Asker: 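I have a structure here, written as structure tokens, and I will follow up with some questions on it.
Predicted model, so just to flag it, every value in this text is computed and none were measured. The chains referred to below are lettered A, B, ... by the order of the sequence lines, with proteins before strands, and numbering in each begins at 1.
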Number of protein chains: 2
Amino acid sequence: MLALRESALHVLLATLAAGPFTGWRALPGGRVQAGETLDDAAARELTAHSGLANLHLEQLYTFGSPERDPRGHVVSVAYLGLTPPRAATDPGPAGKYTALEWHPVAALPRLAYDHGAVVGIAAARLQAKLRYTNLAHALLDDTFTLADLQSVYETVLGRTLDRRNFRKKILALGWLRPLDRKRRGPHRPASLYAFRDRSPREVDVLR
Amino acid sequence: MLALRESALHVLLATLAAGPFTGWRALPGGRVQAGETLDDAAARELTAHSGLANLHLEQLYTFGSPERDPRGHVVSVAYLGLTPPRAATDPGPAGKYTALEWHPVAALPRLAYDHGAVVGIAAARLQAKLRYTNLAHALLDDTFTLADLQSVYETVLGRTLDRRNFRKKILALGWLRPLDRKRRGPHRPASLYAFRDRSPREVDVLR
DNA sequence: CCAAAAGTGTTTGCTCTACACCCATGG
DNA sequence: CCATGGGTGTAGAGCAAACACTTTTGG
């Protein structure tokens with residue numbers, strides 16, 4: 001589960017209460033139940049642990065090296081989840097974990113199993129898909145300013161973008177619907193926007 | 001396993017000798033063995049059935065719908081394999097299959113399980129990666145002409161490309177090493193090329 | 001000498017990039 | 001009125017697309 005908090009990429013980590021890595025941090029997860037789709041299992045596990053629901057979840061990669069779990073040969077199907085800011089608060093302890101907390105990806109503790117590598121692959125996938133899809137919607141609340149949206153791109157891509165060029169390009173894509181509302185604040189109010197459509201769209205680029 | 005034969009995308013299909021889909025066509029595969037990586041298992045199965053070895057193999061997607069196999073809940077990790085023309089001959093019957101044959105993807109028979117969908121996802125992945133990686137090397141023999149290479153792109157992308165622009169762009173990438181040999185034929189001989197490096201490279205494009 | 005594929009440059013339009021100033025609001 | 005972030009246009013460069021003729025060989 002990835003989210004942006006204070007302009008930094010964060011990942012939701014669990015503290016393990018049992019097993020060979022007791023006390024270590026790891027990605028939350030669980031087993032597929034009989035008669036259940038992999039997608040369903042990922043959504044069920046996520047909701048059970050964190051209360052988060054209805055978020056973007058997509059299959060990431062399947063890990064099956066025999067030595068990844070000291071207890072035996074386990075195959076794990078990793079999922080990439082994305083959370084908008086309003087849902088990205090620490091859920092606290094739940095079920096089999098003694099804690100569930102957001103950690104900045106740039107400064108992670110050592111993770112149990114091969115989960116450190118999993119986070120790296122997830123971040124790379126997010127960065128790649130942001131370049132050619134409308135996936136940014138999954139990291140934003142329903143309404144947002146263009147500055148918010150630009151911040152998503154800048155944080156994930158790891159560099160700054162020219163504000164005028166960004167606005168031109170992103171508006172030309174036609175993905176956004178301008179709202180009649182403004183976000184008030186200490187300075188000039190910013191126009192609010194929403195995505196017209198959250199279903200996947202591909203494009204030729206935001207470099 | 002995908003390959004290009006006579007300028008058409010083909011897939012290697014097995015004819016099942018047992019099970020609920022006896023006589024149907026399906027993608028060749030098998031079970032992971034104890035102590036074995038998923039990648040290793042894919043390579044082992046491929047070699048065992050077809051004698052093909054040392055080819056491009058990458059994880060494609062993991063399928064786990066409970067209803068995909070009538071015998072029970074099976075999770076399959078699908079791999080995308082690519083074969084150069086010289087290896088893409090029908091391997092004939094082997095092991096648990098009564099036949100192993102290349103079929104054009106454009107006119108497939110009905111496949112067992114959900115394998116029809118798997119082939120569709122594989123073709124889409126191939127098309128996407130051809131656009132931004134040097135993956136074409138896996139579909140070509142060691143030496144080839146620029147016309148051969150252009151044909152790979154045209155076949156997989158499904159449209160024709162301007163010969164002059166194609167040559168300019170592909171040579172500008174620096175991926176190719178010109179050889180001192182020519183391919184003789186009924187017409188003007190064509191210069192032969194090889195890939196300098198078959199390790200994965202990404203680029204901004206061949207549209 | 002004919003058929004067929006190989007080989008090669010230039011022009012045009014478009015897209016991306018770089019860049020600076022005024023505006024609206026809260027405090 | 002001041003500080004701060006919001007909002008906007010244009011000019012130049014680089015890239016992609018369109019396009020036709022000559023060359024080389026085998027038969």
Asker: Side-chain donor-acceptor contacts of residues 82-92 of chain B below 3.5 Å, not counting sequence neighbours, with atom names and distances?
Answerer:
{"from": "B:D90", "atom 1": "OD1", "to": "B:W102", "atom 2": "N", "distance (Å)": "2.9"}

Asker: Tell me, please, which residues at least two apart from A:D40 pass salt bridge (charged side-chain N to carboxylate O under 4.0 Å, His left out).
Answerer: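 Scan of A:D40 (salt bridge (charged side-chain N to carboxylate O under 4.0 Å, His left out), adjacent residues dropped) gives none.
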Asker: Would you kindly give the CD-to-P distance between B:Q150 and C:dG7, to the nearest whole Å?
Answerer: 11 Å
Asker: With A:R25, which residues qualify under side-chain contact (heavy atoms from CB on, under 4.5 Å), at least two apart?
Answerer: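 If we apply the side-chain contact (heavy atoms from CB on, under 4.5 Å) test to A:R25, skipping adjacent residues, the hits are A:L13, A:T15, A:E101, A:H103, A:P109, A:L111.
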Asker: Round to a whole Å and report the spacing from CG of A:L171 to P of C:dT15.
Answerer: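 Result: 16 Å.
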Asker: Would you tell me if any nitrogen or oxygen in the side chain of B:S191 comes within less than 4.0 Å of OP1 or OP2 on C:dG7?
Answerer: yes
Asker: Which whole-number value in Å describes the distance from A:R167 CZ to C:dT17 C1'?
Answerer: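 For the pair A:R167 CZ and C:dT17 C1', the rounded distance is 17 Å.
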Asker: In whole angstrom, give the distance that lies between atom CG of B:L161 and atom P of D:dA17.
Answerer: 9 Å
Asker: Rounded to whole angstroms, how far apart are CG on B:L192 and P on C:dA6?
Answerer: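 Interatomic distance, CG of B:L192 to P of C:dA6: 11 Å.
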Asker: Where along nucleotides 18-27 of chain C does protein come under 4.0 Å, by heavy atom, of base (B) or sugar-phosphate alone (S), with - for untouched nucleotides?
Answerer: BBB--BBBS-
Asker: Identify, with sequence neighbours excluded, every residue that meets ring-ring contact (aromatic ring centres under 6.0 Å, His included) alongside B:Y97.
Answerer: B:H49
Asker: Within the structure provided, determine whether B:L52 and B:M1 are in side-chain contact (heavy-atom separation under 4.5 Å).
Answerer: yes
Asker: Atom NZ of B:K169 and atom P of C:dT8: how far apart are they, to the nearest Å?
Answerer: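 One finds 18 Å between P of C:dT8 and NZ of B:K169, rounded.
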Asker: Could you give the CG-to-C1' distance, from A:L146 to D:dT8, as a whole number of Å?
Answerer: 12 Å
Asker: With ring pair (Phe, Tyr, Trp, His ring centres under 6.0 Å) as the rule and sequence neighbours excluded, what pairs involving residues 179-199 of chain A come up?
Answerer: A:H137-A:F195, A:F144-A:F195
Asker: Find the distance B:R183:CZ to D:dT24:C1' and express it as a whole number of Å.
Answerer: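 Rounding to the nearest Å, CZ of B:R183 and C1' of D:dT24 are 17 Å apart.
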